[in-house]
There are 6 protein chains.
Amino acid sequence: MNNRNNTTSDRKQKKVNESRTTMTEMVMPNDTNPLGNLMGGNLMRWMDIVASICAAKHSESHVVTVSVDHVSFKRPINVGDVVTLNANVTRAFTTSVEVYVEVFASDIKGGNPRKCNHAYLTFVALDENKKPTAIPEVIPLTSEQEKLYEGAGRRRELRLILGERIPAKDAKLLKEYLLAQ
Amino acid sequence: MNNRNNTTSDRKQKKVNESRTTMTEMVMPNDTNPLGNLMGGNLMRWMDIVASICAAKHSESHVVTVSVDHVSFKRPINVGDVVTLNANVTRAFTTSVEVYVEVFASDIKGGNPRKCNHAYLTFVALDENKKPTAIPEVIPLTSEQEKLYEGAGRRRELRLILGERIPAKDAKLLKEYLLAQ
Amino acid sequence: MNNRNNTTSDRKQKKVNESRTTMTEMVMPNDTNPLGNLMGGNLMRWMDIVASICAAKHSESHVVTVSVDHVSFKRPINVGDVVTLNANVTRAFTTSVEVYVEVFASDIKGGNPRKCNHAYLTFVALDENKKPTAIPEVIPLTSEQEKLYEGAGRRRELRLILGERIPAKDAKLLKEYLLAQ
Amino acid sequence: MNNRNNTTSDRKQKKVNESRTTMTEMVMPNDTNPLGNLMGGNLMRWMDIVASICAAKHSESHVVTVSVDHVSFKRPINVGDVVTLNANVTRAFTTSVEVYVEVFASDIKGGNPRKCNHAYLTFVALDENKKPTAIPEVIPLTSEQEKLYEGAGRRRELRLILGERIPAKDAKLLKEYLLAQ
Amino acid sequence: MNNRNNTTSDRKQKKVNESRTTMTEMVMPNDTNPLGNLMGGNLMRWMDIVASICAAKHSESHVVTVSVDHVSFKRPINVGDVVTLNANVTRAFTTSVEVYVEVFASDIKGGNPRKCNHAYLTFVALDENKKPTAIPEVIPLTSEQEKLYEGAGRRRELRLILGERIPAKDAKLLKEYLLAQ
Amino acid sequence: MNNRNNTTSDRKQKKVNESRTTMTEMVMPNDTNPLGNLMGGNLMRWMDIVASICAAKHSESHVVTVSVDHVSFKRPINVGDVVTLNANVTRAFTTSVEVYVEVFASDIKGGNPRKCNHAYLTFVALDENKKPTAIPEVIPLTSEQEKLYEGAGRRRELRLILGERIPAKDAKLLKEYLLAQ
């Protein structure tokens, strides 16, 4: 059962693809370390930009980054490679929204295409007085979107623990999930 | 009748959407003039990047910009706006390929969406010795792609005149077109 | 006979050299593609900057880029090369002005000096309310300046057609010129 | 009992303060979003740079970023603010090393000093052939360094789960820790 | 006898280490000339930033650079090297303050550590109306700080001559010093 | 009597205007401090670039910056202003050459034109093995060029003292000059 059905809300609802955002970057010399590989921090900067554009479009307001979940860098990206970043909202929580970013790379000729990594970022929407403001609900339509929507609850709990906003003992969904493994 | 059917070629053929490239940029303070508008030259820089990624992907080789056709800037783009650039190949000529770039902008909230301008850029594909190399033919599938494909002949003639590679009197297609208006 | 003499105008008049602007740039790694050549878009960005400084100086007001005419890239420029850009106004049309930019390159030692390309850019002058404002007339003094002044009429017609502001059939000067070739 | 005493290793040992690294940045207009706040991605880029310099110094070799743990952004940083980042190694695991980065901000006059956030980043050391190479052990000396050293085991397990390298059920230290809360 | 004891001032007094500032930079490809060495101008830009942060912190106000004394570049710094800049105030003169910056470099592995150069920069503190404002006195505590404090008088005279604000004949301290050599 | 006549040299001789270099920059938001003024360090970076292009052209070889003499910043330069830098060689000393840079600014409309500052930079010419190499002599033609040529001897002495390469007592020309004031 889909837990988003539990809420009977007047909030505006928007589909995932209404705010989907794609960014393409060419890796330039200054983006790389002395080994010629894209530095992780530069990739995270691009992930933050594409995700914040996506979050702002879904929220129809200004947004600020609240958190970036664990990111691992599995495959090196080289100078001259083309990096494509896709951002999709997964779920909104009153005044915050989670965005899922996937990163793909290939060489300039389109060769060696590969998924490099992904991350979840969360944003808070701000009104003109820089106060948090309500965000439209996300309507997942595909099974992939449903899966991302449902995982968002667990990721939020982990985030609250790691951000030291709730004690670990209150992370019900997360404990349930870890113990079920 | 579609003039690309006139050639019986062994050249590799690729569809337009195999190399379609989308780039999204946020307009930062340094991209703007003292009036707070995106400077034309910065937009052209982005157009060149997205078009060259698209051309390289279609060509499966390195490319260099050969020409940028007339660009006009109709609607101002402001600091903080989001700019989306779509690049599609229109037609290949032995070792060169024309790319059509369209530029859209909206504010960060997705408001005031508008088409800002478009341009045609041409690229030459280079092999490892920096010598021009053959480019796959473009297969147009939609009527929009057909129209872009057919117009490419005239645009090429105009380009050859403006680049002072042929005398104006040899621009058959162009003269025909101008006189038919 | 010089057609600028046909108008009896009260507009301020300024000489070409009052606003002549020279810009020098060293090609840095981030300006180049993976082949080590200056990317066309970066060169166009520099052309836009030097031309807009020249146009603003002639106009004595803020300016925005209205169009960039066809640019072709004839000779590659390499990392470490020195690029010199010269901008001169050619002619003013009420609230717009055309600027001619020439691009020269050499290696850092001054060797291999060469003209790389040129382009015509047009700008509109804006007053404090961002409304178009009158621009002083350009007084050509040399035969080179005269030639650029006279060609400006034909280039303007081509621009109006390409920018879809007038139908091709109304391009009198241009048709005349093409048919005379 | 300190678990680093369990290993009897020939590995070189280095103290935390031998590689401590401090970076100071002034927040410039281009680092900020339209609300005038430092964008999260730019801060992460700086965190990655300072941490990688620290990791390389400890490792005495080139390093690449393997992962960045959860980062939350608690207090906004404004244009013109001064950001200070301190990076310290916490613990090395054969060929990887964890670095703890703390971020402080104040206004340009030194007013409103505050801790903004912190993060753990991990790096792999690479030799001249880009193969992973051994990293000296970290010797914690203060109680704060001891605490960071001991927590590194748990953080590593969480990282391996989140990076999908081990199943959640194998995360012994982490389960123990969560259930003990 | 320490000449700062001669003044009986109500001015606020601050110690050198209250505003000490450290900056670390990695030399990227765009920071270097075609020989792969950090360009002198880029190093001076970093020196100005770190010194102005230090001066603003000591002054508790905005500052602008008034002068940079002679800088010589003794040892080349290479792409990929890590540069560390330390800034300390030496002495304040009513509304201006002198900052001493030392530059160290090493390779990314911490190898080949070396002092590269140093410089004295002076800043004026400005209030909200951009008018010069009083700066707290500097209290030197170590003998190194004493030496820098005392030399500041001579350097100021040389600066006034070189900046053409006093005739050379009025440089009492400087003449004394030169003739005593 | 002109002291350059004292040497009977086989060295190549070049005129000042053969390597004169002009650079024009528009002050962008990222170039300025929070008060909206161009930061001194950014101006010095531009001065170093234009001077090194000029020195390389005169020397017909790669050059590296050896020193920058005292620079004072007399008039603020604002965001949106246009900065023009002129570089001229003054005199060559075997393997080094001094370049004089003058900085002018105006607003974008050409209003409020003013000289902002000037500086002397010295460069060493390097051959392909990065060894110092001979530089052509500078032939001053105008009285202004003569004056700059003659002052170069004194400035060189001051530089050698300040760079701690000669003791102050050996600065003959400088002492003579100071005592004559």
Side-chain angles (χ1 to χ4, degrees), chain E residues 31 33-53 56 61-74 76 117 119-124 126 128 130 155 158-171 174-175 177-181, chain F residues 31 33-53 56 61-74 76 117-124 126 128 130 155 158-165 167-171 174-175 177-181:
Chain E
D31 302 324
N33 62 22
L35 299 170
N37 296 132
L38 177 61
M39 287 190 290
N42 285 313
L43 185 52
M44 298 194 79
R45 184 174 160 265
W46 292 339
M47 295 168 95
D48 179 56
I49 293 174
V50 75
S52 66
I53 291 174
S61 51
H62 285 283
V63 298
V64 292
T65 314
V66 171
S67 69
V68 181
D69 284 6
H70 173 86
V71 184
S72 58
F73 301 91
K74 292 173 185 171
N117 60 359
Y120 299 93
L121 296 91
T122 52
F123 296 86
V124 161
L126 299 182
E128 301 305 316
K130 298 198 181 187
R155 288 189 296 273
L158 181 55
R159 221 168 272 146
L160 291 171
I161 298 172
L162 295 172
E164 286 158 28
R165 295 184 182 202
I166 63 169
K169 68 176 169 52
D170 292 354
L174 190 67
K175 272 188 182 170
Y177 179 79
L178 276 175
L179 297 174
Q181 300 294 308
Chain F
D31 302 326
N33 61 22
L35 298 172
N37 295 131
L38 177 63
M39 287 192 291
N42 285 314
L43 183 53
M44 298 195 78
R45 184 172 161 265
W46 292 340
M47 293 168 96
D48 181 55
I49 294 174
V50 74
S52 67
I53 292 174
S61 51
H62 285 284
V63 298
V64 291
T65 314
V66 171
S67 70
V68 180
D69 284 6
H70 174 86
V71 183
S72 58
F73 300 92
K74 292 174 188 171
N117 60 359
H118 61 255
Y120 298 93
L121 296 90
T122 52
F123 296 86
V124 160
L126 299 181
E128 299 306 316
K130 297 197 182 188
R155 287 187 297 272
L158 181 56
R159 223 167 270 148
L160 292 170
I161 299 172
L162 294 172
E164 286 159 28
R165 297 184 179 201
K169 67 174 169 56
D170 292 355
L174 190 65
K175 272 188 185 172
Y177 180 78
L178 275 176
L179 296 174
Q181 300 295 308

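Each chain gets a letter, A, B and so on, in the order the sequences are listed, and its residues count up from 1.
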Taking atom CH2 of Trp46(F) and atom CZ of Arg45(E), what is their separation to the nearest 0.5 Å?
-> 10.5 Å

Give, as side chain, backbone, both or neither, the part of Asn42(F) having an atom under 4.5 angstrom from any heavy atom of chain E.
-> both

Contact origin within Leu43(E) toward chain F - heavy atom pairs under 4.5 Å | neither

Portion of Leu121(E) that has a non-hydrogen atom of chain F nearer than 4.5 angstrom = neither

For Pro76(E) and Asn37(E) the tightest heavy-atom approach is CB-ND2, 3.8 Å

Leading residue by heavy atom contact count with chain F [cutoff under 4.5 Å; candidates Val68(E), Asp48(E), Thr65(E)] | Val68(E)

What part of Asp69(E) lies closer than 4.5 angstrom to a heavy atom of chain F: side chain, backbone, both or neither?
-> both

Side chain from CB out, backbone as N, CA, C, O: work out which of these in Asn33(E) comes under 4.5 Å of a heavy atom of chain F, or both, or neither.
-> side chain

The reported gap from OH in Tyr120(F) to CE in Met47(F) (rounded to nearest 0.5 angstrom) is 11.0 Å

Evaluation steps, side-chain contact (heavy atoms from CB on, under 4.5 Å), between Leu158(F) and His70(F) | CA-CA 11 Å; Leu158(F) 181 56; His70(F) 174 86; over 6 Å; no

Could you tell me whether a side-chain N or O of Asp31(F) sits under 3.5 Å from a main-chain N or O of Leu38(F), the two making a donor and an acceptor?
-> no

